Amino acid sequence: MENVHRIEIVIDAPNSGRVLELLADQGLRDYTLIGGVSGAGERGVQRGDDITGVSNNTYILTTCLPERLEAVTSALRALLSRVGGLCLVSDARRVRH
Amino acid sequence: MENVHRIEIVIDAPNSGRVLELLADQGLRDYTLIGGVSGAGERGVQRGDDITGVSNNTYILTTCLPERLEAVTSALRALLSRVGGLCLVSDARRVRH
Amino acid sequence: MENVHRIEIVIDAPNSGRVLELLADQGLRDYTLIGGVSGAGERGVQRGDDITGVSNNTYILTTCLPERLEAVTSALRALLSRVGGLCLVSDARRVRH
Amino acid sequence: MTVDASLVLANILTPPILFFLLGMAATLLRSDLEIPQPITRALSLYLLFSIGMHGGVALARSGFHLATLLPLGVGVLGSALVPLVAFFVLRRRLSVEDAAAIAATYGSISAVTFITATSFLEDQGVAFGGHMVAAMALMESPAILVGVLLARRYQAVENGAAKGETALGPLLREALLNGPVFLLFGSLLVGLATGEKGWATVKPFADAPFRGVLSLFLLDMGIIAARRLDALRASGLFLTTFALAFPLLNASVAIAASALMDLPAGDALLLTVLFASASYIAVPAAVRVALPRANASLYLPMSLALTFPFNVALGIPLYYAVITALWS
Amino acid sequence: MTVDASLVLANILTPPILFFLLGMAATLLRSDLEIPQPITRALSLYLLFSIGMHGGVALARSGFHLATLLPLGVGVLGSALVPLVAFFVLRRRLSVEDAAAIAATYGSISAVTFITATSFLEDQGVAFGGHMVAAMALMESPAILVGVLLARRYQAVENGAAKGETALGPLLREALLNGPVFLLFGSLLVGLATGEKGWATVKPFADAPFRGVLSLFLLDMGIIAARRLDALRASGLFLTTFALAFPLLNASVAIAASALMDLPAGDALLLTVLFASASYIAVPAAVRVALPRANASLYLPMSLALTFPFNVALGIPLYYAVITALWS
Amino acid sequence: MTVDASLVLANILTPPILFFLLGMAATLLRSDLEIPQPITRALSLYLLFSIGMHGGVALARSGFHLATLLPLGVGVLGSALVPLVAFFVLRRRLSVEDAAAIAATYGSISAVTFITATSFLEDQGVAFGGHMVAAMALMESPAILVGVLLARRYQAVENGAAKGETALGPLLREALLNGPVFLLFGSLLVGLATGEKGWATVKPFADAPFRGVLSLFLLDMGIIAARRLDALRASGLFLTTFALAFPLLNASVAIAASALMDLPAGDALLLTVLFASASYIAVPAAVRVALPRANASLYLPMSLALTFPFNVALGIPLYYAVITALWS
Ligand SMILES: Nc1ncnc2c1ncn2[C@@H]1O[C@H](COP(=O)(O)O)[C@@H](O)[C@H]1O
Ligand SMILES: Nc1ncnc2c1ncn2[C@@H]1O[C@H](COP(=O)(O)O)[C@@H](O)[C@H]1O
Ligand SMILES: Nc1ncnc2c1ncn2[C@@H]1O[C@H](COP(=O)(O)O)[C@@H](O)[C@H]1O
Ligand code: NA
Ligand code: NA
Ligand code: NA
């Protein structure tokens, strides 16, 4: 098993494309995305109920090797400070196959 | 980055409102919620297929500062011991923005 | 609280039944499953948009006691090496109720 | 009664019932046929919307009479008394919570069984009163309250700590404002308020495709019901017998009451079906919250995988055969 | 004007409006009635598809004339100027971003209000031109551009760093290629291209069940709108007043312009409704991306929970009463 | 053949095809137009339900004759032989798994292409036999078995370890009990069993709105198909050529066989379309499980983003022009 950082991001649906672009720019092309998520944070309640999906959040999970973490999180910080959202980093082991 | 506890709860959909209320009572107003989840546990299989959603689970993610953890988990324990469900706590760092 | 390993698996929807069978064979009958997930990995983009759901991924979360981890991950490794997918293991505490 | 067999066959050889059986077959043969849950929910909302509007305009046509109120009263009374009987029968073998949950389930009604019965009546060319839809709406909830109160009463004796778990206020709200119940009532009122004119505008949506939507929905119900058969195997013969015999008892009572009230045959069938059917909409949701210790692998499978198929495929024509035999 | 009251009542006593009120009641009474989001989205796609095809075939019938282009031009112009007025009014109390977001919202239009107005006209037996659907499609986007440009211009002064956040290219694309706008335009073109023959094949889908689908959709809109009422309480009287008064101002301008252009009463009502309505489809999505600092608890609730219900229940019959009074 | 051009145009200028092109345009222009996946799945279930019931009642009307069985046999045979040819052609350039997966894809059929062809025939006023729906249902699965068996046979030689990955039992089940195939067969049987009487009750649902639903569904297919065009760029000219040329080969064979069997023009077109079309329903799901090493960025995009659009927009009228030219 390989030590990785587990990065999870929650962001409003209209801005989720930006996160994927940012991750790809940082060389993180692999990800898992869960749509239709609701929640609440500093920017109020996201009920996930409207017609166009602006009130939906998106949950994005990706992994990152220790040496890349610093660059990735500072890029994410810059984005999230403008558009809001949550980013958590935790430690995990990836089962190599 | 700030050290936080990552709390994730899985509970049957009809009781998920209670969890959010409990968290709010504990001062945790920010959360992320994924609906339409299925699963299996001590109370049997939740197939997530019926008309009204009783057989659905809800996944709730929140974060909590170390000093609040004890109070939050004991409140959750009291609720879950009555209505069932899973609660996991892990360590994470939150990207501050 | 009880120390457990938190195992999360992302796999294409058509093969997700195999993961549940494998986990059950390993004695892990409790799980949480999120369907309709999209993503990207070594096997390309899973857009989660098609008619039959082949382009969907499934996210599976389970927990495992430390002594069982080795057996479970090596069984998972064998399966994932054939059909692809992601498996992350992290440490967590389960709120006992 | 040779009438029975041919009625049963006539009922089974219709698209809705055959699609229900097809759905059960899909699950039993382990096909991966599956209808996405949002669609399941949308189809059920459509059926409630349509039957509500339909009942509302029928009520607008007929107006209110004492005769229309009588079966409503009997229905509500039945929905409150049936759980009492059920509870004390079940209590011999089951925990308080399980007995109460199942009692509530059988006191309440199944909207889909009712809707299938209206299609059956239509095929037989038999009319029914719009107030029977109101009866259905009114019979959803009382059983929930009775069931939970029974549990409270007897839990208290056994287990002091569990008492007072849920306040009665939220429970009443859950029972009366349950989404499907609310939609049914609301549609009935809209149908009543907008009358023929309103009905004319929504009829091509609410009426013409109704039978087709019902077929697709029953396909889905067949899939879902068969998935619950497994759970029943574990629960033994007692509950299986209950799930098939108790509806027959309730049906007999309803037929007798209908005869006493001198209801027209169509209304009598619908009242019978309401008594004989068991809930899998309003009750399970309320029970999950109010009686979380009740085993969901009992009350839901019994109602969904046994009583529902039985009523839909055999019960409806059977009850109708008895009614026509007695009425004539 | 006794006409008003009866028209308002006639409008309210139709299934779509009553279901809208029922939906609001469901939320306010804390019923758990809820329509799954994929269904919400599907119903709105259906309505856009249908109104687009309907407008397209109507255009194919009537052909293009100068008279059909005039209201389109006025509509687009209005959609670009209204945000300017709104912005400077709102700027007195709100941040640049909030003022710009709300301005864009009120410059753009509400497709559902428009669609409800077409149903109202149908009930009154009044015709409307297919080009009005084109006007609706054209009026969705300009306000977005104006709003965002205003924010850029005035943000620059206040806060240098925030400038240039989003390039204008992606914004234009978002505004013009926004899913619902694209579908509406596309359906209009398909309706135009396939004419009577194409319409005949889709009519049983796009036309007959339209009013029923609209009723179910408005039920959902009522549920969703009422959930946003909370957010408004915090935002105070100024914005509530704006959300109800500004549409009346816009409506007056539109009625005056319609009179000057000598539009038929049906087209005049639709143009008025476009001016008076506020967006909750194209604009919120674009604003989230282009003006992320704008408070989504302001612009969305104002448009969805105040202006929309007002227009749908009262505005439409009111505007129509004024129009018929003036036109005759 | 001037006939061709006008037929192609007549086919393209219908709502279903124009909406398909609109969907492709939406994706290519990077609009965010999107239909929620549960709706995609529901629309496809509706189409299978409807075409199944339609075929079933048509079969009930016509009865079974030897003449109806012949094209079924030829279809099944074709569905088993086509993958053999395809496999050995593809094997020159691709891995065993990829060749087998694509071979299975092209041996099987596309239900949506078939359904579009039935709409085309309806527009031409040409009848077709209900047994052709049975042919479609029967042709979904054999190619899967042949494809997987080919992979087993040749993998064994190259790579002993991979052998026996999946037992044949589950595979057979997956192939025959695949959800959509099961629903299609089931609906056919229900249609057959309930005949005119059953059909009359579901017709307003299954028939009247069919073309409208198909339009909306093809809009969605256009969106989804265009998203797969990217993947093809990487895969080079060989596979693009295969995806366009191989259907023409299969169509020629089918037309020749139809001529030999003396099929009516309508049935001949449908058999041709079955041969010429490639699966994106039953096969991809089975291949994911049985041949997980096959590259899903090849077989799915080829079938969905090339062969399907080609057949639907050009192939159907082209094949029909050839058939009418030869038959007359
Ligand atoms: N502490 C938290 N725990 C879980 N989810 C959060 C938390 N904070 C924010 N989120 C999620 O991130 C979304 C956007 O956050 P914000 O920009 O703070 O409103 C919210 O709607 C939540 O879904
Ligand atoms: N060990 C576990 N791992 C993952 N999910 C679990 C676990 N235990 C319970 N769950 C989830 O929590 C739900 C309720 O649990 P229970 O009350 O134990 O039936 C289940 O349906 C699962 O979705
Ligand atoms: N590094 C990763 N981070 C998050 N999700 C991943 C990662 N790698 C793979 N996945 C998920 O696992 C699925 C299958 O992976 P693969 O077999 O590598 O294509 C992908 O579609 C993703 O949803
Ligand atoms: Na009952
Ligand atoms: Na406006
Ligand atoms: Na083929």
Side-chain angles (χ1 to χ4, degrees), chain D residues 9-47 50 116 118-125 203-220 222-223 226, chain F residues 36-50 52-54 56-57 60 169-170 172-210 212-213 281-282 285-286 288-289:
Chain D
L9 207 68
N11 180 50
I12 287 188
L13 282 183
T14 55
I17 308 304
L18 287 178
F19 273 103
F20 180 75
L21 299 176
L22 188 69
M24 293 198 90
T27 297
L28 296 176
L29 295 170
R30 306 225 272 139
S31 164
D32 60 0
L33 180 61
E34 164 173 66
I35 297 188
Q37 198 189 22
I39 305 303
T40 307
R41 302 180 79 164
L43 295 177
S44 83
L45 294 176
Y46 167 87
L47 294 175
S50 298
T116 310
T118 63
S119 285
F120 174 84
L121 287 176
E122 225 172 68
D123 282 347
Q124 307 295 320
K203 202 180 165 200
F205 172 71
D207 194 44
F210 190 83
R211 202 69 72 86
V213 176
L214 181 62
S215 301
L216 213 51
F217 182 69
L218 285 179
L219 172 73
D220 196 10
I223 296 172
Chain F
Q37 197 188 21
I39 305 303
T40 307
R41 302 180 79 163
L43 295 177
S44 84
L45 293 177
Y46 167 86
L47 294 174
L48 294 170
F49 170 93
S50 298
M53 284 289 297
H54 197 280
V57 68
L172 251 166
R173 209 191 60 221
E174 170 77 26
L176 296 175
L177 295 178
N178 170 282
V181 177
F182 189 88
L183 176 58
L184 186 58
F185 258 121
S187 305
L188 193 79
L189 290 179
V190 173
L192 192 58
T194 62
E196 295 296 349
K197 228 174 130 185
W199 179 239
T201 63
V202 303
K203 202 181 165 199
F205 173 71
D207 194 44
F210 190 83
V213 177
I281 294 192
R288 276 258 170 196
V289 173

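Here is how names work: the chains are called A, B, and so on, in the same order as the sequence lines, proteins then strands, and each is numbered from 1. These numbers were taken from a predicted model, which means no experiment stands behind them.
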Considering all heavy atoms, the nearest D:Leu18-D:Ile12 contact:
CG-O, 3.2 Å

Quick check on D:Leu21 against chain F: is it the side chain, the backbone, both or neither that has a heavy atom closer than 4.5 Å?
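Neither the backbone nor the side chain of D:Leu21 comes within 4.5 Å of chain F.
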
If I measure from the heavy atoms of chain D, does F:Ser50 come under 4.5 Å with its side chain, its backbone, both, or neither?
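Contact with chain D involves no heavy atom of F:Ser50 at all.
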
Chain F contact via D:Ile39 - which portion, at a heavy-atom distance below 4.5 Å
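Contact with chain F involves the side chain of D:Ile39 alone.
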
With a 4.5 Å cut-off on heavy-atom pairs, point out which of F:Pro38, F:Gly191, F:Ala193 contacts chain D the most.
F:Pro38

Identify the heavy atoms of F:Phe210 and F:Leu47 that sit nearest to each other, and give their distance.
CE1-CD2, 3.7 Å

Report yes if the side chains of F:Phe49 and F:Phe205 come closer than 4.5 Å at any heavy-atom pair, otherwise no.
yes

Grab the two heavy atoms, one from D:Asp32 and one from F:Asn178, that are nearest each other, plus how far apart they are.
OD1-C, 3.4 Å

Heavy-atom distance under 4.5 Å to chain F: side chain of D:Ala42, backbone, both or neither?
neither

When heavy-atom pairs shorter than 4.5 Å are enumerated against chain D, which of F:Gln37, F:Met53, F:Lys203 gives the highest number?
F:Met53

Looking only at heavy atoms, which two atoms of F:Asp207 and F:Trp199 are closest? And how far apart?
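For F:Asp207 versus F:Trp199, the nearest heavy atoms are CB-CZ2, 3.9 Å.
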
Selection from F:Ala206, F:Ala208, F:Ser187 maximising heavy-atom pairs under 4.5 Å formed with chain D
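Winner by heavy-atom pair count: F:Ser187.
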
Pairwise distance CG(D:Leu214) to OG1(F:Thr201) - rounded to 0.5 angstrom:
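Reported value, rounded in 0.5 Å steps: 9.5 Å.
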
Could you look at D:Pro15 and say if it's the side chain, the backbone, both or neither that has a heavy atom under 4.5 Å from chain F?
both

At a 4.5 Å cut-off on heavy atoms, which part of D:Pro36 comes close to chain F: side chain, backbone, both, or neither?
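When you check distances to chain F, only side chain atoms of D:Pro36 fall under 4.5 Å.
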
Are D:Glu34 and D:Ile223 side-chain neighbours, meaning at least one heavy-atom pair lies under 4.5 Å?
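Of all side-chain heavy-atom pairs linking D:Ile223 with D:Glu34, none is under 4.5 Å.
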
